[in-house]
Amino acid sequence: MTTRGFPEGFAWGTATAAYQIEGSVTADGRGASIWDTFAHTPGKVLNGETGDVAVDHYARYAQDVALMGDLGLNAYRFSLSWPRIQPGGRGVNGAGLDFYKRLVDALLSRGITPYATLYHWDLPQELQDAGGWPERETAYRFAEYAAVVHEALGDRIKHWMTVNEPWCAAYLGYGSGDHAPGLRSPELAVRAAHHLLLAHGLAAPALSGNGGLVGAAPNLYAVTALTDSDADLEAARRIDGLQNRFFLDALLRGAYPEDVVADLSPYGFADAVKPGDLDLIGGPLDFLGVNYYSRHTVTVAEGASGVVATSPFAGSSPWPGAEHVAFVNAGRPVTDMGWEVDPEGLREILLRIAKEYPPVPLYITENGAAYVDEVVAGAVDDEERRAYLEAHLAACHDAIAAGVPLRGYFAWSFLDNFEWGWGYGKRFGLVHVDYATQVRTPKASARWYGRAARHNGLS
Ligand code: IFM
C-alpha cells in the first residue's frame, strides 16, 4: 500500500556522469579530458585506477537503459562528455554526438525522460592547457559547446543542467588539488568558481531554445556549528557561504553574498567579476538541482586544517579563508565514504531554499550512499543503502507537504562506477557491477526504488 504518495509527474530517476561510466576514451574521435590526464598521473587516484574502461557504458548503454526501464524508473540524469563532442574543445564531432542521440532515443523509447548535464568535470585537456576554468575564456568556450549540443539534441532533450557541483570543480580541482587538474591555488580556485557560474549564465540562452528548461546542480550541505562559540559560529558562516550561499545567491538572486565576497577578497576574487556577469548568472532559471549527501558540522580547534576527505590523498584545504576549520562527525552513522547519514539536513536545505530564495522548481539531482556490497548467490542485499534512500525520500515527502516545489529525485548512482580519487573502491550504485566481467546485478535497493517509482510513493 502506498502511504506517502508523491505529486503526479514526479521524476524518479538515477544519475551518472560520463567519465565515471562510459569508458571507450578514444572511441569515435573522443579527445582527452583533464580527468584522463589526472587519472593517468601516478599518485592521484587510488591504486592508479582510471576511467579508461569504467563500466563500459559507451558500448552497453542499450542494456543499461533496458534495465532502467525494467526497474520502472521514469527519468535518467547523465552527463555529456565535452571532449567526445568537441575534441580539443573546438568544432563538432558528429560521432560523439551520435552516441548521445542513440542513448536518448533508447531512453525515450522506454518512456524515460532524459535530464542532461553539460559539465560533470571532464574539461577538454587543451582548454586546461590554455588555463582552464581560472581563465574567463573557458566560459565562452562552454557557451559554444552548449550551442553545439543544443543544436544536435534539443529536439530530444528538454531538461538541461549546465554545471554539476561547481564547488567541487573549482575548489577540489584548483584549490586542494584532490580532483583534476590537481592545482593548489586559492587564487585560481576562486576565479574558477566565478567562471563556472559565468559559463552557466552564458550557456543558458542557447539551451532554453526549443522549449528547453535550464538548471544547474550545485552540491549543497546542511551546515551546523559544533558549539555556539563565536569562533564556531564564524566557521559555520564561512563554510555555509562558500558551499551554499555563494551558488544559491548568484543563481537565484543574481548577486554574490557580501560577506563571502569580503572573505574572498584576499584571493583576488572581485577582479574576476566583470560588469554584467551577475545579470547573466542570475538570469531566468527553470529549475534548481540540489545534490545532497550530508551535513558539515564545523568547529575551530587546534591543528584544524580545512581538509575534507574528498580523496585518499587529500592533503590541503579547499576552503579559501577557512583553512582553520575542522569538519567533525557529530555521532550519526556514516557511509563507506565516512559521510554522516543525515536526512534531516536534506529537509532543512529544501525548506531553506523555498523560504529564503525566489520561487523555483527543485529537483534532487543527486543523493545516495556508498557501502561495501557483496554479491551472494547472485543477489546484493544492501539494506543500508535502501534505508538511506527511504529516509531521504521521506525527507523529500515532508518538504513537499510543507509546500516545497520538488519535482523529482535522482539517486546517485545507477551503476557502481569510478568514484574519482577513490577509483573503483567505493560503490554508490543501485546496480552492482562486477568490474572484471561487467555483469550488472540490481541490488535490493534498486528493486525497492523501482517499486517506489512505479507506485509514485513510499509504502
Ligand atoms: O560520484 C560523485 C559525483 O560525481 C558527484 N557528486 C558526488 C558523487 C559521490 O561522491
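Remember, it's a predicted structure, so these values are computed and weren't measured experimentally. Order of appearance sets the numbers: ligands from 1, and atoms from 1 within every ligand. Below, all heavy atoms of this structure are taken into account, side chains as well, without hydrogens, waters or symmetry copies. In this chain, numbering begins with 1 at the start of the sequence shown.
- Among all non-hydrogen protein atoms, the one lying nearest atom 6 (N) of ligand 1 is Glu366 OE1, 2.5 Å.
- A donor-acceptor contact closer than 3.5 angstrom is absent between the side chains of His432 and Asp373.
- Counting atoms of ligand 1 from 1 in the listed order, those under 4.0 Å from a heavy atom of Glu419 are 1 (O), 2 (C), 9 (C), 10 (O).
- Proximity of Trp339 to ligand 1 is established by a heavy-atom distance of less than 4.0 Å.
- Shown in contact with Gln20 at under 4.0 Å from a heavy atom are these atoms of ligand 1, numbered in order with element: 1 (O), 3 (C), 4 (O).
- At least one N or O atom of Trp420 sits closer than 3.5 Å to an N or O atom of ligand 1.
- A cation-pi arrangement is not found for Arg295 relative to Tyr221, the charged atom failing to lie both closer than 6.0 Å to the ring centre and inside a 45° cone about the ring normal.
- Close to ligand 1: His120, with a non-hydrogen atom less than 4.0 angstrom away.
- At a heavy-atom cutoff of 4.0 Å, ligand 1 is contacted by no atom of Tyr292, backbone or side chain.
- Judged purely by atom type and a 3.5 angstrom limit, Ser316 uses its side chain to pair as donor or acceptor with the backbone of Ser176.
- Taking the centre of each ring, Trp319 and His296 come in below the 6.0 Å mark.
- Protein heavy atom closest to atom 8 (C) of ligand 1, with residue, atom name and distance, is Tyr293 OH, 3.4 Å.
- Judged by the 6.0 Å distance and 45° axis criteria, Arg156 is not positioned over the aromatic ring of Tyr100.
- Those atoms of ligand 1 with a heavy atom of Trp121 less than 4.0 angstrom away are 5 (C).
- Between Tyr363 and Tyr409, the ring centre distance reaches or exceeds 6.0 Å.
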So His120 and Tyr19, ring-ring contact (aromatic ring centres under 6.0 Å, His included) or not? Walk me through it. CA-CA 8 Å; His120 200 127; Tyr19 187 71; over 10 Å; no
